[in-house]
Amino acid sequence: MFASFSALCARRRGARARLASALVVSGLVAAGALTGAGAAAAAETPQAQGGATATIGGLKTYGSAVIHDKVAGDQQVSAGLFEMSVDGGGTLQTYCVDLHNPTQRDARYHETAWSGTSLGANRDAGRIRWILQNSYPQVNDLAALAAKAGVRGGLSEQDAAAGTQVAIWRYSDGADVDAVDPQAERLADYLQKSAVDVAEPKASLTLDPPAVSGHPGELLGPVTVHTDAAGVTVTPPADAAITGVQIVDKDGKPLTTAADGSRLYFDVPEDAAAGSAELTVQGSTTVPVGRAFTSDSRSQTQILAGSSESTVSATASASWAKKGAVPALSAARDCAKGGVDLTAANQGDEAFTFSLMGTEYSIPAGASRTMTIPLQEDQPYDFAIKGTGGLEQRFTGILDCKTQGSESGDAVQTLSEPSPATVGGTADDTNLAATGGTSTTPLIAGVAIGFVVIGGAALIVVRKKEEARTRG
């Protein structure tokens, strides 16, 4: 979290990491029928759903708070606003919703739906958004905020940030935490008691669905744009000049711009060989307050408190083949189910049949089905999926769906308070070995997740070798 939390060693995460290293995801071993599927590098596909991507900086405005723990005792920490720099331009302000998990230095974050974070299973997530909408920095008239909260003597920006963060922690982590400053504590109590449920905000920019498929000579899609930006630019596939693939509307007219609700199609030449392509849309908008931000580096989950005009983007892919099963593949974290939802949509002319986790599935032509790959909390995953026409997608990430407040048992440890100007502390206390309490970071140790494909397309899941990371 903040610099003071950079050295937090969450023992519960170390325990779960050790559990993950011993875990074997039961299911299938890739069959001999997949021999020759190839070891070509797959396009890496993190489970980002579009929107803003940013790099975390440091604490911008903060005060102090005390965590009361029956095992570890009282611990004083910093509490306040982070600042992030958006790729392509823009600045975000965020609070933490993952109290006991440390940040990684210069971690990269992407905008995420609540369902892909601990907020998805938190009945109080809507109350957290209310707090964000009704406190600092959304409410920057601190005299008015102090009057509403019954704070005598007024609020400083530091008090307002600390009090807001403390109120959020009480709902995000179920933490027993108080602000050190009396004014900040009164604000925290007011926000906690006043908060009501508010709906999750919509994404700043997404494409739905993120993957489509079909036959050459057809318009593949539609891919619908969802955004609160006034408009977005549409970038065609990088090799469009060679393949002849264009991005068009339903009438076949080429598109270079789009807006909320626009429907995009991949226009694939009739003589095109089996293959795949990707489009990108990009715009500028203020990201809605309450959007979650996660990192694949185990850096703690953040929630948006404020946004400047910022660059947002999203991608969608298409695959095609003249005959057989033609799957469109996408994946998203599902914290309610404790895994990754893998969606295969078949727009070919043959059934797409395969086995997953001991269960056989058959997706008829024109149909779609979603399968959940169960994972342990904090378990990294890395699997590649191969299909016809050279289609190969790689899905990577880490399942981070819980906070310590949703579990019981282990205490946390914190070092003395370092300067809040640096996020992540020193290199020694920010690597995965340090934060996980083990010298080894398991990727999917001993795990083989396989898909046996009976139909016209071939999918395989390959595991990444376990990497050993040793504290320096």
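Reckoned from all heavy atoms, side chains included, excluding hydrogens, waters and symmetry mates.
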Verify whether one side chain among Thr343 and Thr370 offers a donor that lies under 3.5 Å from an acceptor in the other. yes
Donor-acceptor pair, Trp114 side chain versus Ala121 backbone, under 3.5 Å? no
Is Asp178 salt-bridged to Arg170, cutoff N-O under 4.0 Å? yes
Are any non-hydrogen side-chain atoms of Asp208 and His226 less than 4.5 angstrom apart? yes
Determine yes or no for a side-chain-to-main-chain donor-acceptor pair under 3.5 angstrom, with Ser299 supplying the side chain and Ser295 the backbone. no
Between Arg127 and Asp124, does at least one N-O distance fall below 4.0 Å, as a salt bridge requires? yes
When you compare the side chain of Phe266 with that of Val212, does any pair of heavy atoms fall below 4.5 Å? yes
Over all atoms of both residues, closest heavy-atom pair of Cys335 and Ser118: SG-N, 4.5 Å
Nearest 0.5 Å, please: how far is CG in Leu92 from CG in Leu81? 11.5 Å
Grab the two heavy atoms, one from Leu255 and one from Leu264, that are nearest each other, plus how far apart they are. CD1-CD2, 3.5 Å
Heavy-atom pair of closest approach, residues Pro288 and Leu304: O-CD2, 3.2 Å
Hey, is the main chain of Thr91 close enough, under 3.5 Å, to the side chain of Glu83 for a donor-acceptor pair? no
Any non-hydrogen side-chain atom of Thr286 less than 4.5 Å from a side-chain atom of Ser310? no
Closer than 3.5 angstrom, by distance alone: can the side chain of Asp260 be matched with the main-chain N or O of Asp228 as a donor-acceptor pair? no
Set out, in order, the CA-CA distance, both residues' side-chain angles and the distance that settles side chain to side chain contact (heavy atoms under 4.5 Å, CB included) for Tyr95 and Val166, then state yes or no. CA-CA 10 Å; Tyr95 287 107; Val166 166; over 6 Å; no
May I ask you to test the Met371-Asp341 pair for a side-chain heavy-atom distance under 4.5 Å? no
For the atom pair CD1 (Ile128) and CD (Glu200), what is the distance rounded to the nearest 0.5 Å? 12.0 Å
CZ of Phe293 to OG1 of Thr94: how many Å apart, nearest 0.5 Å? 8.5 Å
Heavy-atom distance under 4.5 Å between the side chains of Val97 and Tyr171, does that happen here? no
Given the rule in the side-chain hydrogen bond (donor to acceptor under 3.5 Å, both in side chains) test, do Ser276 and Ser319 qualify, once you have shown the distances and angles that lead to the verdict? CA-CA 4 Å; Ser276 62; Ser319 57; over 6 Å; no
Do the non-hydrogen side-chain atoms of Tyr109 and Ile56 ever get within less than 4.5 Å of each other? yes
Test side-chain hydrogen bond (donor to acceptor under 3.5 Å, both in side chains) on Thr294 and Thr112 and set out the steps. CA-CA 7 Å; Thr294 60; Thr112 307; 2.9 Å; yes
I'd like to know if Asp400 and Arg333 make a salt bridge, using a cut-off of under 4.0 Å between side-chain N and carboxylate O. no
I would like to know whether Thr61 and Glu157 meet side-chain hydrogen bond (donor to acceptor under 3.5 Å, both in side chains); could you show each step before the answer? CA-CA 7 Å; Thr61 308; Glu157 290 183 341; 4.7 Å; no
Restricting to non-hydrogen atoms, name the atom on Leu155 and the atom on Leu142 that form the minimum distance, rounded to 0.1 Å. O-CD1, 3.5 Å
Donor-acceptor pair, side chain of Arg369 and main chain of Ala345, under 3.5 angstrom: no
Find the distance between CD1 (Ile247) and CD (Glu278) and round it off to the nearest 0.5 Å. 10.0 Å
Using atom types as modelled and distance alone, determine if a side-chain donor or acceptor of Thr285 lies under 3.5 Å from a backbone N or O of Val287. no
Is Ser262 reaching over with its side chain to a backbone N or O of Ala259, donor-acceptor style, under 3.5 angstrom? yes
So, the side chain of Gln165 versus the backbone of Cys96: is there a donor-acceptor pair under 3.5 Å, distance only? yes
State, to 0.1 Å, how close Tyr136 and Ala160 come at their nearest heavy-atom pair, and which atoms those are. CB-CB, 3.6 Å
Does any non-hydrogen side-chain atom of Leu279 lie less than 4.5 Å from one of Leu207? yes
Atom pair OG (Ser172) and CD1 (Ile303), whose distance is rounded to the nearest 0.5 Å: 8.5 Å
Just verifying a value: how many Å separate Asp173 CG and His100 NE2, rounded to the nearest 0.5 Å? 6.0 Å
Tell me if a side-chain donor or acceptor on Ser156 pairs with a main-chain N or O of Asp159 at a distance below 3.5 Å. yes
Is a salt bridge present between Glu111 and Lys202, judged by a nitrogen-to-oxygen distance below 4.0 Å? no
Can a donor-acceptor pair be found, under 3.5 Å and without considering hydrogens, that links the side chain of Thr403 to the backbone of Asp98? no
Does either side chain, that of Asp382 or that of Thr396, offer a donor lying less than 3.5 Å from an acceptor on the other one? no
Could you report the tightest heavy-atom contact between Pro380 and Asp378, atom names first, then the distance? CD-O, 3.2 Å
Ile131 vs Thr164 side-chain heavy atoms within contact, under 4.5 Å: yes
